[in-house]
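Following: one structure in structure tokens, then a few remarks.
Start at 1 and go down the list; that is how both ligands and their atoms are numbered. Each residue takes its place number in the sequence, starting with 1.
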Amino acid sequence: MSRYANIIVDISMEKLDKTFQYRIPDKLKEELAVGTQVIVPFGSRTLTGYVLELTDICEFEPSKMKEILAVAEKGMPLEGQLIALARWMRRTYGGTMNQALKTVLPVRKKVQEKTRKRLVRRISLEDAREYLELFERKHQTARFRLLAALMDTPELDYRLVSEQLHLSAATVKKLEEMGILRIETAMVFRNPVRPSGTESHPFCLNVSQQAVVDSIWKRVQAEDLRPSLLYGVTGSGKTAVYLELIAGALERGKEAIVLIPEIALTFQTALRFYKRFGDLVSIMNSRLSAGERYDQFERARRGEVRVMIGPRSALFTPFQKLGIIVIDEEHEASYKSETAPRYHARETAVRRAQMTGAFVVMGSATPSVESYEKALNGTYCLYKLEQRIHGRPLPAVEVVDLRRELKEGNRSILSIRLKELMEDRLNKGQQIMLFLNRRGYAGFVSCRACGHVLKCPHCDVSLSLHMGGRMVCHYCGYEEQANRECPSCGSPYIGAFRAGTQQVAEIVGREFPGAGILRMDMDTTKNKDGHEKILEAFSEGRADILVGTQMIVKGHDFPNVTLVGVLAADLSLYTGDYRASERTFQLLTQAAGRAGRGREEGIAVVQTYTPDHYGIEAAAAQDYGMFFERELSYRQLMEYPPAAHLLAVYLTHTDKDGLERGADRLKELLLKQADGRKVSIIGPADAYVAKINDIYRKVVYLKSREMEELLFMKEETELFCREDTVIGQLNIQFDMDPMNGF
Ligand code: ADP
Ligand code: ZN
Ligand code: ZN
């Protein structure tokens with residue numbers, strides 16, 4: 001039983017890190033938990049506060065320490081729940097309690113936000129790595145430094161950038177023009193749409209949709225609050241199911257949170273929610289400043305808003321009577337935070353729902369392996385929508401073997417079959433999407449004659465090609481020199497695969513001189529609304545062909561698109577991490593799902609050097625079950641999540657030798673600690689980007705089938721940091737079951 005409690009007395013203050021320690025009187029020992037609201041003496045007043053921590057470590061002169069007077073409110077008030085959630089996040093995902101609190105409780109900022117400019121990264125970490133490598137190659141050191149800083153922290157204060165990184169306005173401007181960042185000043189939030197009142201006639205759900213809704217309500221009534229996983233093929237009407245469930249929750253006097261990945265949160269999607277729920281809806285996006293987010297949350301707290309839609313941070317909306325949390329596209333990597341605490345919004349949502357008696361409904365056409373496994377073993381409840389709305393067929397998928405094209409002398413990036421179909425569609429006045437799933441930073445190395453890919457012998461992930469022809473495994477640190485010929489067939493056609501959307505657009509333009517071509521990627525969407533404008537133009541038929549990166553595959557309905565071409569499916573297959581096959585399957589399925597949404601049937605053509613890879617075979621067969629089984633057995637064999645848990649420990653230091661010494665020392669201590677435990681330790685290895693802004697970066701991985709074992713090792717590592725002088729020099733961050741790399 002702990003003797004002292006660390007208490008936070010005012011959570012709307014600018015600083016959350018100010019805690020005060022109080023003695024726990026015997027009569028309250030049973031009643032206190034993290035999050036309990038208490039009454040404490042404070043100077044000459046009495047205040048209410050929240051318990052942040054129960055401890056036996058006394059931080060003040062015990063004789064001067066005051067006692068907690070009473071428990072303020074029975075049960076757990078909302079703030080208390082969020083504090084308890086923060087506590088769980090800190091324990092599971094690492095970081096400090098203060099970082100966790102700031103994540104769940106928006107802090108009112110006193111700074112003059114209106115005059116503050118911020119730089120905000122617009123691109124994913126993976127894409128950023130690619131640019132970073134480009135800048136390094138071209139010796140553009142100022143750009144390199146700025147982007148590197150943005151990779152560390154997705155948002156930077158403008159003044160800080162100019163004063164501490166000594167970067168000129170021209171450098172910032174250049175990266176803005178390239179679409180890598182945007183410059184922001186605080187803006188006033190308002191709802192994007194004024195609903196006109198009478199548009200709220202929903203269509204009737206079909207039989208399968210209704211069955212899902214009924215079954216979920218039946219379970220909720222029986223107090224079976226297990227999370228539901230809605231596995232529904234693209235265009236099967238999942239959103240309509242969410243809307244119906246939310247409506248039901250509102251009728252019961254409850255509130256709803258809807259998580260949607262930022263990239264899929266388009267105007268179209270927002271409109272559907274506004275049309276149904278009018279002014280009860282509010283939408284958050286990552287462009288809101290801390291103060292604006294605070295205002296949004298205040299409206300929710302007061303009950304003015306009852307449906308909050310947004311990316312992962314919307315999860316912490318302070319609803320008093322939360323009834324349902326919807327997670328759309330639950331497989332998306334953007335649900336994993338890239339800063340400490342590196343929490344997963346799905347797991348955290350499940351936790352929050354448990355604490356509040358709400359239920360979670362998550363949906364996807366390509367569920368994550370983690371969630372599907374939970375659905376099969378009964379932790380979640382599985383629901384399926386296997387048909388598209390109006391009985392529309394799923395598109396046919398054809399696989400083209402690019403090795404054969406090469407053998408037959410076709411070196412174009414367009415296969416003969418794809419060209420033929422494109423011509424046909426253009427003649428019929430139908431539209432085409434060409435998709436380049438460009439991914440990853442330091443490209444993988446493969447043979448274009450036989451499809452062989454160079455992999456780490458220990459980790460079964462692809463090796464990444466680095467400067468100077470080194471090939472590196474980012475899990476265990478294994479290295480070898482790049483080959484000049486294929487170790488499998490001896491062909492000289494071995495190397496890293498690179499092609500950009502611009503080249504593709506040019507080539508297509510030469511092949512089809514009459515066709516209207518639009519390109520959508522980081523470059524063409526750099527202007528405000530550039531993204532929406534391109535989609536609008538394409539949707540209005542002002543172009544025949546849309547060429548783009550993964551940006552184009554998410555959540556858009558183009559009824560006139562009858563052909564989707566995936567130019568090189570392999571690009572996302574070998575990104576050097578264990579989730580590569582899963583991501584490829586997801587991208588291919590989503591891409592194919594773009595075809596044939598209207599009355600005409602659709603075809604997807606998938607070009608690849610490895611047609612017999614199960615990720616590609618399963619996507620072609622549109623067979624999620626087959627993919628899941630193969631993928632799960634790979635994860636089991638290699639002990640990757642969900643078969644085991646993986647805790648990444650990211651190490652950084654300004655001094656290369658210091659980092660190496662610290663990493664080795666950490667490994668040594670971890671090995672000692674792991675003795676007799678069910679934990680294995682891998683690495684240290686260089687991070688994907690081994691150096692940013694003169695800071696060196698390494699990773700150590702810990703693997704175990706037991707999450708608790710890893711949590712124990714994490715706490716031990718935190719101890720080493722405090723007690724060991726060599727390790728103490730390093731900056732250490734944890735990432736449980738990482739998704740975004742480092
Ligand atoms: P998903 O989210 O599974 O991709 P959506 O919910 O977006 O699918 O539904 C696809 C399309 O079908 C949307 O245009 C939607 O308005 C329409 N739709 C959904 N359910 C029905 C229904 N029961 N009757 C008619 N149209 C529907
Ligand atoms: Zn070969
Ligand atoms: Zn390895």
Checklist entry - In the protein, which heavy atom is nearest to atom 18 (N) of ligand 1, and how far is it? => result F203 CZ, 3.5 Å
Checklist entry - Which atoms of ligand 1 are found less than 4.0 Å from any heavy atom of Q209? => result 19 (C), 20 (N), 22 (C), 23 (N)
Checklist entry - Do any nitrogen or oxygen atoms of S236 lie less than 3.5 angstrom from nitrogen or oxygen atoms of ligand 1? => result yes
Checklist entry - Nearest protein heavy-atom contact for atom 8 (O) of ligand 1: which residue, which atom, what distance? => result G237 N, 3.0 Å
Next on the checklist: If I take every N, O or S atom of H452, is at least one of them less than 2.8 Å from the Zn ion (ligand 2)?
Outcome noted: no
Checklist entry - Can you tell me which residue and heavy atom of the protein come closest to atom 12 (O) of ligand 1, and the distance to 0.1 Å? => result I389 CG1, 3.6 Å
Next on the checklist: Please determine whether any non-hydrogen atom of G593 lies less than 4.0 Å from an atom of ligand 1.
Outcome noted: no
Next on the checklist: Out of all atoms in ligand 1, which are within 4.0 Å of some heavy atom of C204? Include the element for each.
Outcome noted: 22 (C), 23 (N), 24 (N)
Item to check | Interfacing atoms of ligand 1 (cut-off 4.0 Å, heavy-atom, L205) | outcome: 23 (N)
Next on the checklist: Under 4.0 Å from a heavy atom of H390: which atoms of ligand 1 are those, numbered in the order shown and with their elements?
Outcome noted: 25 (C), 26 (N)
Item to check | Atoms of ligand 1 close to A240 [distance to a heavy atom under 4.0 angstrom, numbered from 1] | outcome: 6 (O), 20 (N)
Item to check | Pairing of E332 and R346 as salt bridge, 4.0 angstrom limit | outcome: no
Checklist entry - Do the charged groups of R635 and E631 touch, with an N to O distance under 4.0 Å? => result yes
Checklist entry - Hey, which atoms in ligand 1 end up nearer than 4.0 Å to a heavy atom of N206? => result 23 (N)
Next on the checklist: Would you say the Zn ion (ligand 3) has H474 as a near neighbour, meaning an N/O/S atom of that residue under 2.8 Å away?
Outcome noted: no
Checklist entry - N/O/S of C456 less than 2.8 Å from the Zn ion (ligand 3)? => result yes
Checklist entry - Among all protein non-hydrogen atoms, which one is nearest to atom 7 (O) of ligand 1, and what is the separation to 0.1 Å? => result R272 NH1, 2.9 Å
Item to check | Check ion pair E660-R665 (N to O, under 4.0 angstrom) | outcome: no
Item to check | Under-4.0 Å heavy-atom contact between protein and atom 25 (C) of ligand 1 | outcome: yes
Checklist entry - Do K703 and Y475 meet the cation-pi criteria used here (NZ or CZ under 6.0 Å from the six-membered ring centre, within 45° of the axis)? => result no
